[in-house]
Number of protein chains: 2
Amino acid sequence: MARPRKPLLSRERIVAAASALVDAEGLDAVSTRRLAAELGVSGPSLYNHFRNKDEILDAVADTVSAKVDLSMFDESDPRDWRTALHDWALSYRAALTEHPNVVPVLARGPGRRPAGLKVADAVFGAMVRAGWPAAQATQIGALMRYFVTGSALGSFAGGFVDDATAYDPSDYPHLGQAHLLAEHQEKVDEGAFETGLRALLDGLAARYEAGARTKRTGAAPSDRA
Amino acid sequence: MARPRKPLLSRERIVAAASALVDAEGLDAVSTRRLAAELGVSGPSLYNHFRNKDEILDAVADTVSAKVDLSMFDESDPRDWRTALHDWALSYRAALTEHPNVVPVLARGPGRRPAGLKVADAVFGAMVRAGWPAAQATQIGALMRYFVTGSALGSFAGGFVDDATAYDPSDYPHLGQAHLLAEHQEKVDEGAFETGLRALLDGLAARYEAGARTKRTGAAPSDRA
DNA sequence: ACCTGAACACCGTTCAAGT
DNA sequence: ACCTGAACACCGTTCAAGT
């Protein structure tokens, strides 16, 4: 048919189809030929809208970043960084666990993805506004990303096989119950995430208090190892 | 030539070649044909030693798990779980950052990989011995994996492009310095990891103390949200 | 500008054939 | 048992040709 009077494709349509395919069958299921077939066109057509396949996946990843709620960073008391960080982490994780297959793409960092940069901007800005020094605000953005993407990348509980004979007691004396993990996958992973998040925030709060104290007294920051 | 009198291949040789290829050029560079060529054989030969490509990558991943030091869990005072966990986390992260390209494979969980299971067994056993209830020992294993694999999966600092014009101040008011992150990649990522690890351990220690207290007094565990 | 088919240089895996 | 080449059903991407 060659060129139609009305374009058959658009970046939006391509991204929507790619997202659906990634969610349903995983990253490996996305081939340019398969995706094009799903859209009723031939493979090379996609290259009129994206430079390559990676750019399509980047766009898919950015739609996930765009789902992360950031309202807690401008609505609340700027000094209550702990609550904001907590609520943001829950929203962040929820967005990723809804689309676990795109996490490896997201883990490449924001790059030039607008929604990814918006997230980084909001977190960093809020931490600085709350009184964290810039270097530590950066660290908080980083360590939160480590924890959230790590938790969404792969289930902990689901990483153990559901087969009691896989855990020979003479090799793994403490894994006698490990075959039960798969059954309680969601509960275990969510519980671990909540426990870790709370510990992380408790630990950061203690450091924040110590920082505020040294500011008042003018003492050097205590760096107990 | 058909079958030689002495086998040309072995699982060990295949895994070694695959590891080198993954480290040097990434997961995508490992194709069965390329790997076979590197070993001086034809592609299908590999299938005499592994069921499929995924099994080869699993074996590669397990050699990385095998590099994680676990000695801190049996040598030290069982009650000093904090120090053991800290030292283990450093060794765990070091093993992964030496082979960042295999992290996505590792993130699938231990499955039936012996070294991966050994790690899970050692951490869980040590936490239980230290007095943590089994459910919380599981959570600690999980949340530590989240944090360490998340930190090794992709650099935070390196995820930002090294191009000041990518950060339009009207879009990202707080990212004016973000283009400098790439330059200090290692320092930023290591600092964030250490800060996060310390916060995590501080937070867990507080929870451990609270648990020990309720045990002594017989009170219900306080679960302040 | 936006689509097509043909082409290039690849993939993972199966299988019959060889020793 | 362990290797081979041929074959099948795929890949990502380029490019000239069509409107």
Side-chain angles (χ1 to χ4, degrees), chain A residues 1-62 101-102 104-105 108 111-113, chain B residues 1-62 101-102 104-105 108 111-113:
Chain A
M1 83 180 61
R3 173 162 114 92
R5 19 179 73 250
K6 249 237 149 193
L8 296 173
L9 252 34
S10 67
R11 289 175 68 95
E12 290 69 34
R13 277 198 69 219
I14 294 169
V15 171
S19 297
L21 200 49
V22 174
D23 286 344
E25 303 189 35
L27 272 180
D28 289 345
V30 183
S31 75
T32 56
R33 292 166 139 100
R34 169 89 188 272
L35 180 55
E38 217 97 18
L39 288 160
V41 297
S42 82
S45 306
L46 301 173
Y47 290 82
N48 286 296
H49 303 269
F50 289 93
R51 241 197 294 278
N52 52 41
K53 183 181 157 181
D54 250 36
E55 261 194 14
I56 299 176
L57 294 178
D58 265 7
V60 169
D62 218 35
N101 298 333
V102 324
V105 182
R108 298 201 286 240
R112 297 177 183 274
R113 296 187 294 97
Chain B
M1 82 181 58
R3 173 161 115 92
R5 22 178 71 252
K6 249 241 151 189
L8 297 173
L9 254 32
S10 67
R11 288 176 68 94
E12 289 69 33
R13 276 198 69 220
I14 293 169
V15 171
S19 297
L21 200 48
V22 173
D23 285 344
E25 304 187 34
L27 273 179
D28 289 344
V30 183
S31 75
T32 55
R33 291 165 140 101
R34 169 91 188 272
L35 180 55
E38 217 97 19
L39 289 159
V41 298
S42 81
S45 307
L46 302 172
Y47 291 82
N48 286 297
H49 303 268
F50 289 93
R51 241 195 295 278
N52 53 40
K53 185 181 155 180
D54 250 36
E55 261 195 14
I56 299 176
L57 294 179
D58 265 9
V60 169
D62 218 35
N101 298 332
V102 324
V105 183
R108 296 201 288 239
R112 297 178 183 273
R113 296 187 295 98

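Proteins come first, then strands; the chains are lettered A, B, ... in the order of their sequence lines, and each starts at number 1. Predicted model only: the values in this text are computed from it and were never measured. Only this structure's heavy atoms are used, side chains among them; waters, hydrogens and symmetry mates stay out.
B:Asp58 is not listed as a side-chain neighbour of B:Phe50, based on a closest heavy-atom distance of 4.5 Å or more. Counting only heavy atoms from C-beta outward, the side chains of A:Leu39 and A:Ile14 approach each other to under 4.5 Å. The side-chain heavy atoms of B:Asp54 and B:Arg108, taken from C-beta on, include a pair separated by under 4.5 Å. Under the 4.5 Å side-chain criterion, counting only non-hydrogen atoms from C-beta, B:Val60 is not in contact with B:Glu55. When side chains are defined from C-beta on, B:Glu25 counts as touching B:Arg34, because their heavy atoms get closer than 4.5 Å.
Set against D:dG12, C:dC3, C:dT13, the side chain of B:Lys53 has C:dT13 as its closest nucleotide. With distances taken from any side-chain atom of A:Pro44 to the nucleotides D:dG5, D:dC15, C:dC3, the minimum falls on D:dC15.
For the pair A:Arg33 CZ and D:dT13 C1', the computed distance is 9 Å after rounding to whole Å. The distance from atom NZ of B:Lys6 to atom P of D:dA1 is 17 Å, rounded to the nearest whole Å. In this structure, the CG atom of A:Leu46 is 14 Å from the P atom of C:dC2, given to the nearest Å. Nucleotide D:dC2 holds its P atom 12 Å from the CZ atom of B:Arg11, rounded to whole Å. At whole-Å resolution of the value, CG in A:Asn52 and P in D:dG12 are 11 Å apart. The nearest whole Å value for the distance from the CZ atom in B:Arg51 to the C1' atom in C:dC15 is 18 Å. Note: CG (B:Leu35) to C1' (C:dC10) measures 16 Å, nearest angstrom. As a whole-Å value, the separation of B:Asn48 CG from D:dG5 C1' is 14 Å.
Using a 4.0 Å heavy-atom criterion, one finds that A:Ser45 contacts the bases of the nucleic acid, with or without backbone contacts as well. Across all strands shown, A:Arg5 has no heavy atoms under 4.0 Å from either base or sugar-phosphate atoms. Counting non-hydrogen atoms under 4.0 angstrom, A:Thr32 reaches a base of the nucleic acid.
Here B:His49 reaches the OP1 or OP2 of D:dC3: one of its side-chain N or O atoms lies under 4.0 Å away.
Nearer the 5' end of DNA chain D, as judged by each residue's closest nucleotide, is the contact made by B:Ser42, out of B:Ser42 and A:Tyr47.
The partner of D:dC11, taking Watson-Crick or G-U wobble pairs whose two distances both stay under 3.5 Å, does not exist in any strand shown. Pairing for D:dT4 goes to C:dA16, judged as Watson-Crick or G-U wobble with the two contacts each under 3.5 Å.
To the nearest whole angstrom, the two P atoms, one in C:dC10 and one in D:dA9, are 22 Å apart.
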